[in-house]
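We count residues from 1, following the sequence as given.
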Amino acid sequence: MRIRRRIIDFARGDDLHYFWRLYRLQKMAGRDGIVHDILTFLLSRCAHRHGGYIGPDTVIEGGLSLPHGLHGIFISRYARIGEGCRIYQNVTIGEADRKAPVIGERCLIGAGAVLIGGIKIGNDVKIGAGAVVITDVPDGCTVVSQPMRILTDADKQAEKVREAWKQQQNDPGLS
């Protein structure tokens, strides 16, 4: 089964096995020297081949999941990504004035989301598809579409109550 999955990933262009191997080697090589420069070049070419970019100084603290490969993903060289994060296709984690987002652990970033500037994304945050995030997001929140809204657990409960009330008002059979 594992061989079948690797063949399918390779055929789709999602096989990032060699990319992550190069990434780990580059981090072990240190920041100076010809070995670091060669590995950075190879990483950039590999990422370009997969249709994305991960900056050479990006800090990924392990366990990054890219379900759709690097397709359209841009991660700034100044970004820091916590452990256990999942990033879908066409996500931009960009910088402004050499400051990029710091993303906490176990975050989910939906397709087409944009995170810009020196912001802090807390742990266990979900960022919906197409959301543009330019402010800090606390732990455990969900960020959805435009205009950006941060939903806490209390907001989620209140939204459910409002939706149930609207359905009751619109359904004449319940009266």
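In this structure the side chain of I93 reaches within 4.5 angstrom of the side chain of I87, judged on heavy atoms. Residues I134 and V132 have side chains in contact (heavy-atom distance under 4.5 Å, counting atoms from C-beta outward).
To the nearest 0.5 Å, atoms CD1 (I127) and OG1 (T142) are separated by 9.5 Å. Note that CG of D124 and SG of C107 are 7.0 Å apart. Values are rounded to the nearest 0.5 Å.
Transitive grouping of hydrophobic side chains (ILVMFWY, heavy atoms separated by less than 4.5 Å) brings Y23 and L25 into a common cluster. Note on L115: it does not cluster hydrophobically with Y88, by side-chain heavy-atom contacts below 4.5 Å among ILVMFWY residues.
Although no hydrogens or angles enter the test, the distance criterion places no donor-acceptor pair under 3.5 Å between the side chain of N123 and the main chain of G104. A donor-acceptor contact shorter than 3.5 Å is absent between the side chain of T58 and the backbone of I54. Side-chain N or O atoms of H71 include one that pairs as donor or acceptor with a backbone N or O of H68 at under 3.5 Å. Side chain of S76 to backbone of Y78: a donor-acceptor contact under 3.5 angstrom is found.
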Query raised in the report: Under the side-chain contact (heavy atoms from CB on, under 4.5 Å) criterion, do V125 and L108 qualify, and how do the steps go?
Result: CA-CA 6 Å; V125 169; L108 182 140; over 6 Å; no
Requested in this report: Evaluate the criterion side-chain contact (heavy atoms from CB on, under 4.5 Å) for residue pair V133 and I119; output intermediate values, then yes/no.
Outcome: CA-CA 9 Å; V133 183; I119 59 176; 3.8 Å; yes
Report task. Quick one: do L39 and L43 satisfy side-chain contact (heavy atoms from CB on, under 4.5 Å)? Show the steps, please. Result -> CA-CA 6 Å; L39 290 171; L43 267 173; 5.5 Å; no
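R106 and C85 make their closest contact through N-SG, 4.0 Å (heavy atoms, listed as atom of the first residue, atom of the second, distance). Closest approach of G110 to V91, counting heavy atoms only: O-CG2, 3.3 Å. The two atoms that bring A79 and I75 nearest to each other are CB-CG2, 3.8 Å, heavy atoms only. Shown here for P56 and T40, the closest heavy-atom pair between the two residues is CB-CG2, 3.5 Å. The two atoms that bring T92 and I116 nearest to each other are CG2-CD1, 4.4 Å, heavy atoms only.
The pair R80-E61 meets the salt-bridge criterion, with a side-chain N (NZ, NE, NH1 or NH2) lying under 4.0 Å from an Asp/Glu carboxylate O.
Residue-environment remark: NZ (K27) exceeds the threshold of 12 foreign heavy atoms within 6.0 Å. Atom NZ of K120 sits in a crowded spot, with more than 12 heavy atoms from other residues, nucleotides or ligands closer than 6.0 Å.
Classification of the F74-Y53 ring pair by plane angle, with boundaries at 30° and 60°, yields parallel.
For the side-chain contact (heavy atoms from CB on, under 4.5 Å) test with I81, the passing option among L64, V102, I121, V59 is L64; the others fail.
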